Amino acid sequence: MKEKNIKTITVNLKGRPYPVYIEKDILRNFGTYFEKHVKTRQIAIISHPGILDLYGAQLKASLPSDAEICEILVAEGEQSKSHETLWNLYTQLLENHFERTSAIIALGGGVIGDLAGYAAATYLRGVHLVHVPTSLLAQVDSSIGGKAGINHPLGKNLIGAFKQPNFVFSDISVLATLPEAEIRCGMGEVIKYAFILDNDLFIFLEKNLEKALQGDPEILQHLVTVSARHKAQVVASDEKEADLRMILNFGHTFGHALEAESGYGILKHGEAVILGMKCALYYSHEINMLPKTDYERGMALLNRVPLKFDKSIISTDNLVKRIALDKKVSEKNVRLILIDKIGFWKINENSDIKRMYNAFNILNEV
Ligand SMILES: NC(=O)c1ccc[n+]([C@@H]2O[C@H](COP(=O)([O-])OP(=O)(O)OC[C@H]3O[C@@H](n4cnc5c(N)ncnc54)[C@H](O)[C@@H]3O)[C@@H](O)[C@H]2O)c1
Ligand SMILES: [Zn+2]
């Protein structure tokens, strides 16, 4: 496949822009792009065993025949974003004499991307990094923007760095093997972009949500392309999360509280974001920011994503307390990202505890 046929989005960071390639069935062409963007023959592929089984052979076959390829496998799941797993990665890189000019390819979802990205940021003070995201969430969100890191026993994503990749390579066809629940999770982030930035995307989702959830590749390609463009634009204007990037937290302040309070693993991140967006819509409407018609359209779309969640098992008091613990909340001021219209974000400073309480309670009814 010629490069001109592949959709390319540029993440326009000052002085070091990088491309995000998006297309169906392109994994076998990966090597051509790798050679264009990375000048090394020393390559570590970091992945999960199941993902390497599915896609490793195709990826490796595309790399130059004289490349020295080292496969580093980590167990699936959020628990792999740990100090121990990271240390083990360093050990394998050192034992294989990886040098500063070498490259790490992160082949997997957000867990692999965050972990391998952090290893690439820190091993010998930094080596090349390429993201080959294989989950919808990673293609629409985590592979773009350079946030990398691991968890600490006291909280998620607390240890990390900014590490931009040389390029991102999103093959839509790999989503065919992604479990339905994981498609749903990525969809949470796609719907988020629609609410805060893109009324056209919202209309597209109203028409095509079920097809997307069933994994229709054409629909997914459109959603990945539009979402990646939004993420790239936000990141380019605010690389280090000082300002605009906070709008990506729409639904996340409520969502993080739900995720943590229900116990990580009960609710997946994307599912918690879907519920969190319901709370954010309610709050936006309650303070007369969001008109009733937009509120109802927003809720109707979110309610079409099938989710099993029993809100009654968790206490609303604890959820509100959790919000105060959220690392994105400054000391006294609870700042919420809301919308005043579908496609238009608003920042709400000094948000009201009582209203947040009521917002969580609407989940008892949906
Ligand atoms: N860096 C960022 O900006 C950023 C943004 C959002 C989320 N994240 C992080 O991303 C992580 C979540 O990412 P995720 O949702 O991709 O989870 P994940 O990486 O755990 O992947 C979900 C599951 O899908 C499987 N999988 C992935 N691709 C597959 C494929 N093509 N076929 C079959 N199975 C496949 C994985 O093995 C895993 O079991 C969290 O740790 C979160 O903190 C980071
Ligand atoms: Zn998220």
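Note that ligands are numbered from 1 as they come in the structure, with each ligand's atoms numbered from 1 the same way. As the structure is a prediction and not an experimental result, all values here were calculated from the model.
Ring geometry, Phe254 versus Phe360: the interplanar angle exceeds 60°, so the pair is classed perpendicular (tilted spans 30 to 60°). Ring pair Phe167/Tyr21 is perpendicular by interplanar angle, where above 60° counts as perpendicular and below 30° as parallel.
Among all protein heavy atoms, the one lying closest to atom 18 (P) of ligand 1 is Val111 CG2, 3.9 Å. Counting only heavy atoms of the protein, atom 7 (C) of ligand 1 lies nearest to Leu137 CD2, 3.6 Å. Counting protein heavy atoms only, atom 29 (C) of ligand 1 is closest to Leu178 CD1, 3.4 Å. Among protein heavy atoms, atom 43 (O) of ligand 1 sits closest to Lys81 NZ, 3.0 Å. Considering only non-hydrogen protein atoms, atom 21 (O) of ligand 1 sits nearest to Gly109 CA, 4.3 Å. Atom 9 (C) of ligand 1 has Asp114 OD2, 3.3 Å as its closest protein atom, hydrogens excluded (heavy atom only). In this structure, atom 39 (O) of ligand 1 lies nearest to the protein heavy atom Glu76 OE1, 2.6 Å. At the top of the distance list for atom 33 (C) of ligand 1, counting protein heavy atoms only, stands Thr177 O, 3.1 Å.
If you number the atoms of ligand 1 from 1 as listed, the ones under 4.0 Å from a heavy atom of Asn157 come out as 43 (O). The contact set between ligand 1 and Asp141, taken as ligand atoms under 4.0 Å from a residue heavy atom, comprises 5 (C), 6 (C). Using a 4.0 Å cut-off to heavy atoms of His48, the atoms of ligand 1 that qualify are 37 (O).
Distances from ligand 1 to the non-hydrogen atoms of His269 include no value under 4.0 Å.
Glu271 places a side-chain N or O within 3.5 Å of a backbone atom of Lys268 that can act as its donor or acceptor partner. Formation of a donor-acceptor pair under 3.5 Å by the Lys39 side chain with backbone atoms of Lys36 is found in this model. Within the 3.5 Å criterion, the main-chain N or O of Val334 finds no donor-acceptor partner in the side chain of Glu349. Put simply, the side chain of Ser170 never gets that close to the backbone of Ile22: no donor and acceptor are under 3.5 Å apart.
Around the Zn ion (ligand 2), the protein atoms of type N, O or S that sit closer than 2.8 Å are Glu189 OE2, His252 NE2, His269 NE2.
At a cut-off of 3.5 Å, with distance as the only test, no side-chain donor of Glu286 or Asn358 sits close to an acceptor on the other residue. A donor atom on one side chain and an acceptor atom on the other are found under 3.5 Å apart for Asn166 and His128. In the model, Thr316 has a side-chain atom that pairs as donor or acceptor with a side-chain atom of Lys311 under 3.5 Å.
Remark: ligand 1 and Ile51 share no N or O pair separated by less than 3.5 Å (distance only, no angle test). Residue Arg245 has no nitrogen or oxygen atom sitting less than 3.5 Å from a nitrogen or oxygen atom of ligand 1, judged on distance alone. For ligand 1, one of its N or O atoms has an N or O atom of Gly110 under 3.5 Å away. Here's the thing with Tyr55: none of its N/O atoms is less than 3.5 angstrom from an N/O atom of ligand 1. For the pair Ala138 and ligand 1, the shortest N or O to N or O distance does not fall below 3.5 Å.
The two residues Leu175 and Gln139 have their closest heavy-atom pair at CD1-OE1, 3.5 Å. Leu213 and Pro306 get closest at one heavy-atom pair: CD1-CD, 3.9 Å.
Distances from atom 28 (N) of ligand 1 to the heavy atoms of Thr134, Val140, Leu54 show the closest one on Thr134. The residue from Gly188, Ser135, Ser80, Ser142 that puts a heavy atom closest to atom 16 (O) of ligand 1 is Ser135.
There is a path of hydrophobic side-chain contacts, each under 4.5 Å, that joins Tyr357 to Tyr283.
When the options Phe34, Tyr33, Tyr55 are evaluated for a ring pair (Phe, Tyr, Trp, His ring centres under 6.0 Å) with Phe169, the one that passes is Tyr33.
To the nearest 0.5 Å, atoms CG (Asp317) and CZ (Arg322) are separated by 13.5 Å.
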Donor-acceptor pairs are to be reported for all side-chain atoms of residues 96-119 against protein atoms at under 3.5 Å, with residues two or more places apart or in another chain.
from: Asn96; atom 1: ND2; to: Gln92; atom 2: O; distance (Å): 2.7
from: Arg100; atom 1: NE; to: Leu124; atom 2: O; distance (Å): 3.3
from: Ser102; atom 1: OG; to: Glu99; atom 2: O; distance (Å): 2.5
from: Asp114; atom 1: OD2; to: Lys81; atom 2: NZ; distance (Å): 2.9

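At most 12 heavy atoms of other shown residues, nucleotides or ligands fall within 6.0 angstrom of atom CD in Glu180.
Contacts between Glu78 and ligand 1, counted as non-hydrogen atom pairs separated by less than 4.0 Å, involve the side chain only. Here Leu175 has no heavy atoms under 4.0 Å from ligand 1, in either its backbone or its side chain.
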